[in-house]
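Everything below concerns the one structure shown next.
Being a predicted model, the structure only gives us computed values, none of them experimental.
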Amino acid sequence: MLFDFEIQRCTRRCATTERTMEPGEACYSVLEVQGADIVRRDYSQAAWTGPPAAAFGWWKSQIPEPSAKRIKLAPNDVLVQLFEQLTDRPDSDDMRYVLALLLVRRRVFRLEAPVVQFGKPSTTTDVEIVTMFCPKRETTYEVSVVTPTDQRVDEIQQQLGELLIAGAEPAEEVEETGSQGHKAAA
């Protein structure tokens with residue numbers, strides 16, 4: 001089963017207050033399923049109380065300046081190579097998960113059925129595992145679902161920015177890394 005959908009652009013309006021958000025302002029974006037559609041809602045930082053129960057993905061971003069240049073990420077092959085290198089680094093499971101979601105967003109990976117299974121890695125607790133397929137490499141990957149903490153989000157953003165973004169600025173300037181529970185371009 002293939003899950004493929006388009007994510008609409010940031011509305012720049014808070015879904016709760018309907019206030020227009022200004023460039024440079026932090027915001028949170030949420031993806032929810034409504035019938036057969038995927039709906040994006042954007043929230044100002046002041047109105048954010050956490051992701052709604054129906055959310056299957058969310059991220060923190062910053063409303064870009066109108067004149068801001070689009071960030072250029074490394075080529076897909078470089079992203080996949082980094083993803084594969086993180087396989088044997090359990091301390092980077094959250095970064096690997098974020099990178100996998102970015103690769104799904106870029107249509108390099110696709111989610112396979114069954115989407116989630118439970119496995120037991122080196123610990124004694126159950127961990128959600130998402131199965132992904134890379135058509136170009138004809139390879140299937142299993143990825144632990146590890147949602148990073150807010151502090152870890154910033155660390156992952158900085159690390160990926162340094163590794164993958166051409167001409168990367170310091171962490172607070174970098175706006176794009178991907179999907180659920182992390183920063184991404186608005």
Side-chain angles (χ1 to χ4, degrees), residues 1-8 28-41 48 50-61 73-165 171 174 176-185:
M1 173 184 264
L2 173 65
F3 296 96
D4 194 16
F5 52 87
E6 292 293 320
I7 300 174
Q8 67 195 48
Y28 292 84
S29 299
V30 173
L31 297 179
E32 296 180 46
V33 176
Q34 281 191 342
D37 297 323
I38 304 297
V39 177
R40 175 180 175 162
R41 290 194 172 82
W48 179 251
F56 72 89
W58 63 272
W59 61 95
K60 181 179 181 182
S61 61
L73 283 177
N76 292 339
D77 289 336
V78 173
L79 295 175
V80 173
Q81 184 177 4
L82 176 59
F83 172 82
E84 288 176 342
Q85 289 174 355
L86 293 174
T87 300
D88 298 325
R89 294 183 50 200
D91 61 324
S92 297
D93 281 349
D94 52 357
M95 183 187 300
R96 187 170 186 259
Y97 176 61
V98 168
L99 197 51
L101 293 172
L102 176 61
L103 289 162
V104 168
R105 184 175 180 192
R106 290 183 127 201
R107 300 174 191 242
V108 176
F109 287 0
R110 65 178 185 231
L111 296 173
E112 293 289 305
V115 175
V116 176
Q117 55 189 337
F118 290 94
K120 292 193 184 251
S122 59
T123 67
T124 58
T125 58
D126 281 338
V127 175
E128 286 183 276
I129 304 292
V130 178
T131 303
M132 300 193 180
F133 180 71
C134 178
K136 183 176 180 182
R137 294 187 181 206
E138 296 182 355
T139 305
T140 300
Y141 300 98
E142 290 186 347
V143 181
S144 298
V145 177
V146 182
T147 304
T149 64
D150 287 341
Q151 179 183 351
R152 184 71 177 126
V153 166
D154 292 334
E155 293 170 8
I156 291 171
Q157 178 178 332
Q158 183 173 359
Q159 289 172 325
L160 289 177
E162 291 169 359
L163 293 170
L164 302 174
I165 299 175
V174 177
E176 184 171 344
T177 59
S179 193
Q180 182 175 352
H182 62 279
K183 297 184 181 183

query: Does the side chain of V98 come within less than 4.5 Å of L101's, by heavy atoms?
result: no

message: Let me confirm one number: the CD-CG distance from Q85 to L99, rounded to the nearest 0.5 Å.
response: 10.5 Å

query: Would L111 and M132 satisfy side chain to side chain contact (heavy atoms under 4.5 Å, CB included), going step by step from the backbone distance to the final call?
result: CA-CA 5 Å; L111 296 173; M132 300 193 180; 3.6 Å; yes

Shortest non-hydrogen separation from L79 to R106 and the atoms involved: CD1-NH1, 2.9 Å

task: Grab the two heavy atoms, one from E32 and one from A54, that are nearest each other, plus how far apart they are.
output: OE1-CB, 3.7 Å

Check: K136 and D77 side chains under 4.5 Å, non-hydrogen atoms: yes

field: Heavy-atom check, side chain of R137 versus side chain of V80, under 4.5 Å
entry: yes

field: Gap separating the OG1 atom of T131 from the CZ atom of R110, nearest 0.5 angstrom
entry: 12.5 Å

statement: Interatomic distance, CG@D93 vs OG1@T87, rounded to 0.5 Å, equals 9.5 Å

statement: In terms of heavy-atom contacts, S29 and R40 come closest through OG-NH2, 3.0 Å

query: How are the rings of F83 and F109 set to each other: parallel, tilted or perpendicular (split at 30° and 60°)?
result: perpendicular

message: Looking at every non-hydrogen atom in both residues, tell me the closest pair between V143 and R96 and how far apart they are.
response: CA-NH1, 3.8 Å

- prompt: Which heavy-atom pair separates V108 from P135 by the least distance, and what is that distance?
  reply: O-CD, 3.4 Å

message: Donor-acceptor check, side chain of T149 to backbone of R152, threshold 3.5 angstrom: yes or no?
response: yes

